[in-house]
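Atom set for the values below is all heavy atoms of this structure, side chains included, hydrogens, waters and symmetry mates excluded. Below, read A as the first sequence line, B as the second, and so on, with proteins coming before strands; counting in each chain starts at 1.
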There are 2 protein chains.
Amino acid sequence: MVEQPKKRSRRGRTPAAAGRTSRPRQAEVARLAGVSQATVSLVLSDKTQGSAISDETRQRVLDAARSLGYVPDPAAQRLAAARNNLLGVFSFTATFPTDVQHSYYPFLVGVEQEAAARGYDLVLFTGSSSGGAGASRPDALSRVRLADGCLFLGRHAPVAELKRMVADGFPVVHLGRRDELEGLPWVGADYVSASGEVVGHLAALGHRRIVLVREDDDAPASTDRQQGFLEGLEAARLPGGPEAVFRSADPEGDLTPERLRHWLAEGVTAFVAEETDTGAAWHALCRAVDAAGLTCPDDLSLALLGSPPGDLVASPQATGFDIPRPELGAAAVRLLAARVAGEEADEPLVACVFRPGTTTGRPPEQR
Amino acid sequence: MVEQPKKRSRRGRTPAAAGRTSRPRQAEVARLAGVSQATVSLVLSDKTQGSAISDETRQRVLDAARSLGYVPDPAAQRLAAARNNLLGVFSFTATFPTDVQHSYYPFLVGVEQEAAARGYDLVLFTGSSSGGAGASRPDALSRVRLADGCLFLGRHAPVAELKRMVADGFPVVHLGRRDELEGLPWVGADYVSASGEVVGHLAALGHRRIVLVREDDDAPASTDRQQGFLEGLEAARLPGGPEAVFRSADPEGDLTPERLRHWLAEGVTAFVAEETDTGAAWHALCRAVDAAGLTCPDDLSLALLGSPPGDLVASPQATGFDIPRPELGAAAVRLLAARVAGEEADEPLVACVFRPGTTTGRPPEQR
DNA sequence: ACGCATTACTGATACGCATAAACGACGTGC
DNA sequence: GCACGTCGTTTATGCGTATCAGTAATGCGT
């Protein structure tokens, strides 16, 4: 027998990667333990079903692996297993914007946790940011297929591309309601119930006439809130109808102190505003109250169907509800993981959390 | 010739992964373009050297790839070529913690940008969080080898595992100074200079006795600040020595108003606190000043060697310095990219930015 | 003593890609 | 007209692991 000093270097790896003192392979463990590579794989993957391994062999392999400091190569494992335990996260704005308040950050908190808990790692794809490799090219989206499935955030997901992925059977989940695209799974928050609950709270305090201030936008998030608002009125046997909703394309301009006083004179004692990304409705409401020289909750009650805009978080805490964003993120990951696993799972709407706040009280005449 | 309906299913894939209309392989692109798989690989890897490909073929392949939505499998790439344009980001705490202020988030802003600019995608590996799959197992770290290289954040990186990666030649960079591990490349902020600069600022205002309040922790970030503080005193020819440093395991308990008055009586006119993740030193200092009924900067000057904790950002802006976290993140990516490319590059310390703030002024007797 | 399970393991192969080597077709020089 | 180079492409092979299909070796019933 002749010594074979053949090392492992037949291939012209890039000079860059040269010199790597490569770590041990299963084959080396096998040699040391006096078994075959397949046996090493069996022992280390700890598959009890199917093939049996004698305790003695198992121990020899384990010892050999330990003494060599064997660590499996994840790339090879994933290749062989035909999946890579990667979930994509695609947002159409920078994933890490400088302004944390209005970013997707809170969602990611939950996404990360749930993904980690399920043994997935996250690949971040950024739609807009960067000018680097393959950033804004039309095929930027196809890059996500490198993951086992992908989560989409943001309103501006290109429908065509998404539809294609769905059609291809690529597991995809959208964070936020998305009904217009048939077959696109999504998770969303239960704005309807939460809005109804806020109305219920006001009704319980004694308010009999309540007005919803909303913007002129038919996003699902807006219509859901209005629906919940109206249902809440109905449940409390309060007057609903068109005059209970003030819809304006420019609330900050239209919601004058005069108008506010007019409502009060008519017996309206409470107002609720929808939450939008600009927070215009809530801003307008607060400003009008201020301008009219009124104080809240003494003269009237205010509630916000969502979380306050970044610049108003510090002001008196608004009564309303919080969207459990981390929980939403987690729910999205659960759904995505299920689809990656080939299940047809469905996630229910995520419930919002009522926030008592300090902007509501009994109506003036009852104080 | 007989039709061969052999599909791709000879292997007993886990039932879980069944049903997937699996994404296209190079082989399928090749078939569509009427060329061999190798040609597809050549075209897509855009290797201009060595083999030449006719423009016509190249175009056919590119078209086919696009129409099928082909995306390379990172695991296979990594296995075959030892690279896949993926950079890992490994943190030993959740990467997206609930408390944004003291998270790694600001670093990631820079990391993401720089990575995108260089054509890398990011894979987030989460070390500690979760209790789920393979979280705290000893080989949890080995997953990162799926990427071309990995960035590590956090103080608690397991030395043994890191050492091993370094020894194996796996490109690794630590964000934050890490001297104790021979050969571990890192990027860090120049706390020494920045701290010295803050002391210089105080000295220039006329302060002659300055005390550093720090916690009982020997992290590099702490010792650097102390060193800079002492060097700053020396440069200003002010008294240094042990009594210039107040070190306490529980600053909030130990830093009593009495102690504060005692210092003032002894002629101390300014205090600087180190920044830590808890912000305990700064909290304690602010509280003691408050409790002693003193006002700042009238009765004494305060400075913070870093950024204020999240709950105190709104209070009077602290004199001190800001750590350019995004820039640090970007620098780390640059270093990592260089190492992935096999270069022995080195990134200099990143300079911190002096923040004038409003908590310092001339000492009382000079006002 | 023979068939037939069962146990304990090995050999071979595929995962998807990159790359060295081989190859045919086509000039080009002499 | 023949060796030789060049171009464009294909063939063959390996990366490290998981798994399936075998194959000896042993046990067991009849």
Quick one: [X] [atom1] to [N] [atom2], roughly how many Å, whole number?
X: B:Arg25; N: C:dC17; atom1: CZ; atom2: P; value: 6 Å
X: A:Leu79; N: C:dA18; atom1: CG; atom2: C1'; value: 13 Å
X: B:Arg60; N: D:dG8; atom1: CZ; atom2: P; value: 13 Å
X: B:Arg23; N: C:dG16; atom1: CZ; atom2: P; value: 8 Å
X: B:Asp73; N: C:dC15; atom1: CG; atom2: P; value: 12 Å
X: B:Phe170; N: D:dG16; atom1: CZ; atom2: C1'; value: 16 Å
X: B:Leu146; N: D:dT17; atom1: CG; atom2: P; value: 14 Å

Excluding sequence neighbours, so at least two apart, what forms salt bridge (charged side-chain N to carboxylate O under 4.0 Å, His left out) with A:Arg164? A:Asp168
Residue set satisfying side-chain contact (heavy atoms from CB on, under 4.5 Å) with B:Asp179, at least two apart, ordered chain then number -> B:Arg177, B:Trp186
Output yes when a side-chain donor or acceptor of [X] lies under 3.5 Å from a complementary backbone atom of [Y], and no otherwise.
X: A:Asp121; Y: A:Leu86; result: no
X: A:Asp148; Y: A:Asn85; result: yes
X: B:Arg78; Y: B:Arg145; result: yes

It should be established whether B:Thr57 places a side-chain nitrogen or oxygen under 4.0 Å from OP1 or OP2 of nucleotide D:dT9. yes
Is B:Ser54 near enough to D:dT9 that one of its side-chain N or O atoms lies under 4.0 angstrom from OP1 or OP2? yes
Could B:Arg23 and A:Phe170 be counted as a cation-pi pair, given that NZ or CZ must be under 6.0 Å from the ring centre and within 45° of the axis?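 No, cation not above the ring by the 6.0 Å, 45° rule.
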Would you list the protein and nucleotides 10-12 of chain C atom pairs, both N or O, that sit under 3.5 Å from each other?
from	atom 1	to	atom 2	distance (Å)
C:dT10	OP1	A:Ser36	N	3.4
C:dT10	OP2	A:Ser36	N	3.0
C:dT10	OP2	A:Ser36	OG	3.0
C:dT10	OP2	A:Thr39	OG1	2.2

Among C:dA18, D:dA18, C:dC17, the nucleotide that comes nearest once only the side chain of B:Ala76 is considered: C:dC17
